Amino acid sequence: QVQLVESGGGLVQAGGSLRLSCAASGRTSRLYASGWFRQAPGKEREFVASITGTGGGIAYADSVKGRFTISRDNTKNTVYLQMNSLKPEDTAVYYCAERADYYISRHTNDYAWWGQGIQVTVSS
């Protein structure tokens with residue numbers, strides 16, 4: 001089992017920045033890919049970003065490309081999501097996830113383990 005815990009969420013004004021962290025414990029592996037997803041009220045959970053186990057491959061949703069940066073520090077078993085130029089439409093609960101595979105994926109069904117989620121609210 002892998003346990004994931006997100007931190008770093010909160011309330012920020014439009015144009016501001018936040019950095020989310022996702023700490024992994026348990027039977028995690030440096031070969032596992034990680035992802036960030038988000039879910040706004042009344043909407044389905046959507047892909048935000050994904051990174052391979054060693055960080056060599058990265059993918060972003062078009063809506064966040066150029067504003068968000070995903071990274072990882074495998075010495076700390078932690079994945080980060082740096083969010084800049086935040087917009088009100090970025091408001092959502094953000095989830096980190098991990099899959100038992102090296103390669104990135106944009107699909108929720110490909111991820112076996114999920115964090116509890118953390119609220120990000122961007123005011124206009």
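Just so it is clear, the model here is predicted, and its values are computed rather than measured.
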Salt bridge (charged side-chain N to carboxylate O under 4.0 Å, His left out) partners of R106, counting only residues at least two apart: none
Taking ILVMFWY side chains as joined if any heavy atoms are under 4.5 angstrom apart, and letting links pass through other members, which residues group with I104? none
For residues 23-56, the disulfide (SG to SG under 2.5 Å) pairs (sequence neighbours left out) are none
Taken in chain and number order and not counting sequence neighbours, the residues that satisfy salt bridge (charged side-chain N to carboxylate O under 4.0 Å, His left out) with K65 are D62
Polar side-chain atom of S63 near backbone of A61 as donor-acceptor pair, under 3.5 Å: no
Any ring-ring contact (aromatic ring centres under 6.0 Å, His included) involving residues 21-60? Give me the pairs, sequence neighbours left out, ordered by first then second residue. Y32-W113, F37-F47, F37-Y111, F37-W114
Once ring-ring contact (aromatic ring centres under 6.0 Å, His included) is applied, what residue pairs with a partner in residues 61-108 remain, sequence neighbours excluded? none
Quick one: salt bridge (charged side-chain N to carboxylate O under 4.0 Å, His left out) partners of D101, sequence neighbours excluded? R99
Side chain proximity check, L20 to M83, heavy atoms < 4.5 angstrom: yes
Determine, step by step, whether L18 and V120 satisfy the side chain to side chain contact (heavy atoms under 4.5 Å, CB included) criterion, reporting the C-alpha distance in whole Å, the side-chain angles of both residues, the deciding distance to 0.1 Å, and the verdict. CA-CA 9 Å; L18 283 174; V120 170; 3.9 Å; yes
Salt bridge (charged side-chain N to carboxylate O under 4.0 Å, His left out) filter on E46, not counting sequence neighbours, yields R38
Between the side chains of E89 and T91, does any donor sit under 3.5 Å from an acceptor? no
Begin from the C-alpha positions of V93 and I118 and carry the test side chain to side chain contact (heavy atoms under 4.5 Å, CB included) through to its verdict. CA-CA 5 Å; V93 176; I118 193 163; 5.8 Å; no
Which atoms form the tightest heavy-atom contact between Q39 and K43, and what is the distance? NE2-O, 3.1 Å
Per the disulfide (SG to SG under 2.5 Å) rule, what does the pair list look like for residues 7-70, sequence neighbours excluded? C22-C96
Got a second to check how far I51's CD1 is from E98's CD, nearest 0.5 Å? 11.5 Å
Side chain of T52, backbone of G57: donor and acceptor closer than 3.5 Å? yes
Partners passing side-chain hydrogen bond (donor to acceptor under 3.5 Å, both in side chains) against S17 (at least two apart in sequence or in another chain): N84
Is the side chain of D90 donor-acceptor paired with the backbone N or O of A14 at a distance under 3.5 Å, no angle test? no
List in chain and number order the residues that pass side chain to side chain contact (heavy atoms under 4.5 Å, CB included) with A112, two or more places apart in sequence or in another chain; answer none if no residue qualifies. none
Compare every heavy atom of S50 with every heavy atom of S34, then report the nearest pair and how far apart it is. O-OG, 3.1 Å
Side-chain contact test, heavy atoms from C-beta onward, threshold under 4.5 Å: evaluate it for V2 versus L4 and give yes or no. yes
Donor-acceptor pair, E6 side chain versus G117 backbone, under 3.5 Å? yes
Pairs in or reaching into residues 5-28: which pass ring-ring contact (aromatic ring centres under 6.0 Å, His included), with residues at least two apart or in two chains? none
T54 versus R72, closest heavy-atom pair with distance: C-CD, 4.4 Å
Assigning hydrophobic clusters by single linkage (Ile, Leu, Val, Met, Phe, Trp, Tyr; side-chain heavy-atom cutoff under 4.5 Å), is L81 placed with V79? yes
